[in-house]
Amino acid sequence: MASSAKQGPKIVSKSPAGGAGAAGAGGGLPVMPLASPLMGKKKKPFLGMPAPLGYVPGLGRGATGFTTRSDIGPARDANDPVDDRHAAPGKRTVGDQMKKKEEDEEDLNDTNYDEFNGYAGSLFSSGPYEKDDEEADAIYAALDKRMDERRKERRELREKDEIEKYRMERPKIQQQFSDLKRKLSGMSEEEWLSIPEVGDARNKRQRNPRNEKLTPVPDSFFSKHLQTGDKHTTVDPLQGLAGLNTPYPGSMTPGTGELDMRKIGQARNTLMDMRLSQVSDSVSGQTVVDPKGYLTDLNSMIPTHGGDISDIKKARLLLKSVRETNPHHPPAWIASARLEEVTGKLQVARNLIMKGTEMCPKSEDVWLEAARLQPGDTAKAVVAQAVRHLPQAAELETDMRAKKRVLRKALENVSKSVRLWKTAVELEEPEDARIMLSRAVECCPTSVELWLALARLETYENARRVLNKARENIPTDRHIWITAAKLEEANDNVQMVEKIIDRAITSLRANGVEINREQWIQDAEECDKAGSVATCQAVIRDVIGIGIEEEDRKHTWMEDADSCVSHGALECARAIYAHALQMFPSKKSVWLRAAYFEKNNGTRESLEALLQRAVAHCPKAEVLWLMGAKSKWLAEDVPAARSILALAFQANPNSEEIWLAAVKLESENNEYERARRLLAKARSSAPTARVFMKSVKLEWVLGNIDAAQELCTEALKHYEDFPKLWMMRGQIEEQGENMDKAREAYNQGLKKCPHSSGLWWLLSRLEERVGQLTRARAILEKARLKNSQSPELWLESVRLEFRAGLKNIANTLMAKALQECPNSGILWAEAVFLEARPQRKTKSVDALKKCEHDPHVLLAVAKLFWSERKITKAREWFLRTVKIEPDLGDAWALFYKFELQHGTEEQQEEVRKRCENAEPRHGELWCAESKHVLNWQKKTGEILAGVAGKIKNTF
């Protein structure tokens with residue numbers, strides 16, 4: 001049984017058809033019969049296919065799926081080894097793998113860190129995200145956005161400060177070399193060109209590449225090797241082994257071959273002749289093929305450039321890119337045409353250059369290249385076309401008659417060229433030019449320049465007719481109308497000027513022309529420079545208000561007036577001021593601007609006439625009354641000045657400014673008693689600190705010391721907090737050598753006015769003068785404690801140490817001063833000259849960065865250039881200083897001293913006149929000279945000379 005059972009399957013596997021009977025006969029296991037062909041019809045198509053994703057058997061009839069241990073595998077302990085036999089340490093057990101997965105799931109990167117939640121993130125991130133979650137997130141996002149907007153401005157300011165601080169601590173490379181770059185602006189062209197070029201960093205082999213040398217093989221070489229039967233160009237290493245010298249089957253036997261190159265050439269020619277004969281016999285080929293010249297034409301088609309084809313393609317691509325990028329660049333078209341010419345494509349070159357003439361019709365080089373490439377007859381047509389675009393043939397002629405002849409010939413062919421007409425007219429005499437222009441405007445009726453040129457050459461009546469015709473032909477041009485107005489003004493028909501300009505504005509608007517206010521003002525400036533004042537004023541009156549909002553009129557008109565003054569169009573500015581005063585008659589600021597304009601650019605009569613109108617409209621404007629009185633006084637008309645001040649008193653009773661002006665008028669004219677009476681009346685009717693100060697000053701300068709002290713004592717009873725009274729009291733005592741009383745006066749003043757830098761400064765100077773250096777230093781330290789932001793006190797402390805010879809302490813104090821007052825110009829100016837000479841320029845650059853427009857810093861830079869003997873640059877910086885701050889007397893004095901040493905008499909006189917017009921009042925050196933009691937009656941020019949004489953070039 002056992003043996004038959006074992007052999008049963010073997011019998012079945014070998015004989016499937018009769019296996020059942022054999023097995024049955026043997027008594028083996030029963031075997032299932034194979035399916036018959038009829039069973040295949042009932043087989044479903046999905047049988048044997050994998051189940052779809054998510055399929056659960058029986059789910060359609062209500063069954064539920066379940067998972068068994070056989071589906072997920074057996075349970076494993078944490079200490080069980082993993083399937084990987086070669087796992088790394090720490091990953092060899094199931095527990096290690098689970099820990100690793102948990103760590104991977106938790107992202108501990110810094111970018112995932114949240115200040116509020118830490119690294120944990122959301123506790124419910126694994127839960128479902130539903131609609132109410134989305135709504136809550138939207139609400140929170142809106143709240144965050146709202147809170148962010150509230151803090152946005154502060155955050156942006158903080159970020160801006162942080163960026164600025166970062167830039168200061170870590171400047172860019174270009175900022176570190178900015179002082180060196182700044183030196184490049186002073187380099188001349190020769191110095192720039194003399195800078196050596198950067199050397200070639202490549203080695204010798206790269207710089208001088210050797211082209212591969214190819215030597216052509218002579219025919220004798222091929223003939224020789226053909227006879228010997230060699231078929232290879234290289235040496236075979238196996239050659240020499242036995243049995244390999246036998247020729248290949250079918251090859252030529254060595255020594256029997258022969259090569260005759262002459263016969264090969266004859267055969268080639270014969271073959272070519274046969275083909276040409278066949279072609280010439282055909283009907284279509286008889287008209288295009290020349291058998292005799294065909295080979296010659298083939299030779300001419302061989303490129304002669306000798307370059308690589310890839311290089312030509314690259315050059316062609318580059319030039320195409322250049323042409324497409326900038327089609328109006330003539331060299332690109334010329335280079336493209338020459339490239340095609342060199343490669344033998346002459347027709348392509350001609351097409352390219354003709355297209356270049358269309359894109360660059362004003363380029364002479366393109367036309368010349370086109371004429372060169374074209375054959376003879378076509379070249380003449382190209383040249384004729386070039387002359388129409390470029391009438392420069394006449395410039396090649398040196399004889400005037402030849403030039404005229406060429407231009408007239410050109411005008412016969414190209415009568416519409418305005419440029420040709422203008423060039424031809426310029427060569428003619430006035431009478432001939434008028435005749436030519438009459439013909440020119442017929443040929444070119446839309447050229448404004450030709451019409452205007454003809455009008456200038458005609459008589460008055462004919463010019464009017466010409467301009468009327470021009471207006472009919474060109475109704476949209478404003479220049480014709482303006483020229484007509486200038487024509488009427490030149491012929492003393494001024495009343496027509498206003499009408500013409502009005503009609504011009506109306507006509508141009510009717511023709512759809514937009515009135516451009518800036519362009520009309522420019523035309524008015526040109527009329528002003530040409531001397532057509534009435535036309536200029538008419539244009540300004542008609543266009544000054546166009547396109548301006550009502551609230552912007554005053555500001556815009558003042559800017560226009562300043563612009564006209566800067567362009568030298570004074571009549572335009574005067575017309576603008578007149579129109580502004582007409583629209584704003586009660587505006588004090590407009591009257592003041594107009595008065596200063598007349599003072600600087602007008603005559604005394606025009607200024608006084610304007611001021612009379614000004615005080616009539618603005619009687620409460622004290623400065624206008626004072627300007628009128630001063631103008632009369634400068635003209636030495638003292639009674640008129642007194643009468644103006646009397647009228648000012650009536651309009652402004654008890655005005656301090658008018659009282660003091662009247663006192664100054666009398667004292668300057670040596671009417672001291674009248675001045676005293678005026679001051680006494682002012683003290684009784686309008687008692688102010690300034691009135692008392694002027695009273696004390698008058699008695700002091702006249703030598704009445706006792707009266708001055710009494711007045712000072714009386715003034716201090718009423719105005720003990722006015723520091724200038726304490727200063728004057730102390731200075732009067734110093735003048736009398738009463739140092740103790742002067743010190744007492746200064747100390748009392750400092751108790752009442754502890755924030756007065758002048759009082760601290762005077763007390764320190766007093767102690768220094770009597771030899772008490774330590775006490776002077778202590779006074780300034782005390783002053784700085786009470787006034788830490790006062791640059792004057794810091795400056796005096798630095799100078800005190802410098803005068804005492806303690807330069808190191810002075811430098812330390814200057815560093816502290818610049819920390820306390822980083823934007824103080826007087827401190828930076830002093831710091832420049834505290835440095836050693838090589839470091840001064842660097843310090844001046846730092847000063848200009850901090851105080852770019854401070855006059856003291858600009859003056860220090862001018863002095864620095866002066867000390868380096870850079871005269872032109874020093875003069876430029878002096879001019880810049882007095883332009884920014886004309887009230888700084890020290891700048892004028894140094895400028896005048898500079899011109900006395902290095903300038904001409906005209907330059908010296910110009911500086912003196914400009915200083916007298918500016919009338920400076922401030923400056924350390926200037927005030928020391930002008931406020932000295934002995935110089936109280938000196939004029940500005942005398943003070944300027946006195947200060948300049950005391951300046952020494954110690955810097």
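- Across every non-hydrogen atom of A538 and V497, the tightest pair is CB-CG1, 4.0 Å.
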Evaluate side-chain contact (heavy atoms from CB on, under 4.5 Å) for I644 paired with W625, printing each intermediate quantity in order.
-> CA-CA 7 Å; I644 290 174; W625 289 104; 3.9 Å; yes

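- Looking only at side-chain heavy atoms (C-beta outward), L570 and F597 come within less than 4.5 Å of each other.
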Please tabulate, one pair per line, all N/O donor-acceptor pairs under 3.5 Å involving side-chain atoms of residues 573-585, not counting sequence neighbours.
residue	atom	partner	partner atom	Å
R574	NE	E598	OE2	2.9
R574	NH1	E571	OE2	3.0
R574	NH2	E598	OE1	3.4

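- No donor-acceptor pair under 3.5 Å is formed between the side chain of W892 and the backbone N or O of V911.
- Nearest heavy-atom pair across C572 and D528 is N-OD2, 3.4 Å.
- Only one option out of E526, E525, K529 pairs with H567 in a side chain to side chain donor-acceptor pair (under 3.5 Å); it is E525.
- Atom SG of C360 sits about 8.0 Å away from atom CG of N326, to the nearest 0.5 Å.
- T325 places a side-chain N or O within 3.5 Å of a backbone atom of S321 that can act as its donor or acceptor partner.
- Residues T940 and P920 form a side-chain contact, since some pair of their non-hydrogen atoms from C-beta on lies under 4.5 Å apart.
- By the neighbour-count criterion of 12 heavy atoms within 6.0 Å, atom CD of E164 is densely surrounded, having more than that number from other residues, nucleotides or ligands.
- Applying the salt bridge (charged side-chain N to carboxylate O under 4.0 Å, His left out) test to residues at least two apart or on different chains, the pairs with a partner in residues 604-626 are R604-E608, E608-K632.
- Proximity of a side-chain donor or acceptor of R517 to a complementary backbone N or O of G545 within less than 3.5 Å is not detected.
- Residues L607 and A595 share a closest heavy-atom pair of CD1-O, 3.4 Å.
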Given the rule in the side-chain contact (heavy atoms from CB on, under 4.5 Å) test, do L859 and F878 qualify, once you have shown the distances and angles that lead to the verdict?
-> CA-CA 6 Å; L859 185 61; F878 275 125; 3.6 Å; yes

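- Atom CD of E153 has 12 or fewer heavy atoms from other residues, nucleotides or ligands within 6.0 Å.
- Partners of D552 according to the salt bridge (charged side-chain N to carboxylate O under 4.0 Å, His left out) rule, which considers only residues two or more places apart in sequence or in another chain, do not exist here.
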Determine, stepwise, if the pair R541 / E498 fulfils salt bridge (charged side-chain N to carboxylate O under 4.0 Å, His left out).
-> CA-CA 9 Å; R541 281 193 295 271; E498 189 76 30; 2.7 Å; yes

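- In this view, H617 and W591 satisfy the ring pair (Phe, Tyr, Trp, His ring centres under 6.0 Å) rule, not counting sequence neighbours.
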Apply side-chain contact (heavy atoms from CB on, under 4.5 Å) to V882 and L888, showing your working.
-> CA-CA 7 Å; V882 297; L888 185 61; over 6 Å; no

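- The minimum heavy-atom distance between A847 and V857, with the atom names listed, is CB-CG1, 3.9 Å.
- A heavy-atom distance below 4.5 Å is not found between the side chains of R921 and W926.
- Residues M627 and L610 fail the side-chain proximity criterion, which asks for heavy atoms closer than 4.5 Å.
- Within the structure, the salt bridge (charged side-chain N to carboxylate O under 4.0 Å, His left out) test picks out no pair touching residues 581-592 (sequence neighbours left out).
- Counting heavy-atom neighbours within 6.0 Å of E551 CD, excluding the residue itself, gives a total above 12.
- Contact check for H922 versus E885: no side-chain heavy atoms found under the 4.5 Å cut-off.
- Not one N or O on the side chain of S631 forms a donor-acceptor pair closer than 3.5 Å with the backbone of G628.
- At a threshold of 4.5 Å between non-hydrogen side-chain atoms, the residues D365 and P330 do not count as touching.
- The cationic group of R323 lies under 6.0 Å from the six-membered ring centre of W333 and within 45° of the ring axis, placing it in a cation-pi geometry.
- In this structure, W828 contributes its side chain and P822 its backbone to a donor-acceptor pair below 3.5 Å.
- Within the 4.5 Å cutoff, no side-chain heavy atoms of H856 are placed close to those of D890.
- Annotation for E162: atom CD counts as buried by contact number, over 12 foreign heavy atoms lying within 6.0 Å.
- Note on ring orientation: taking the six-membered ring where Trp is involved, the planes of W877 and F865 are tilted (angle from 30° to 60°).
- In terms of heavy-atom proximity, G356 sits nearest to V366 at C-CG1, 3.7 Å.
- Across every non-hydrogen atom of K554 and V590, the tightest pair is CE-CG2, 4.0 Å.
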Determine, stepwise, if the pair N600 / N917 fulfils side-chain contact (heavy atoms from CB on, under 4.5 Å).
-> CA-CA 8 Å; N600 295 326; N917 291 333; 5.7 Å; no

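- For residues 847-861, no pair satisfies salt bridge (charged side-chain N to carboxylate O under 4.0 Å, His left out), with sequence neighbours left out.
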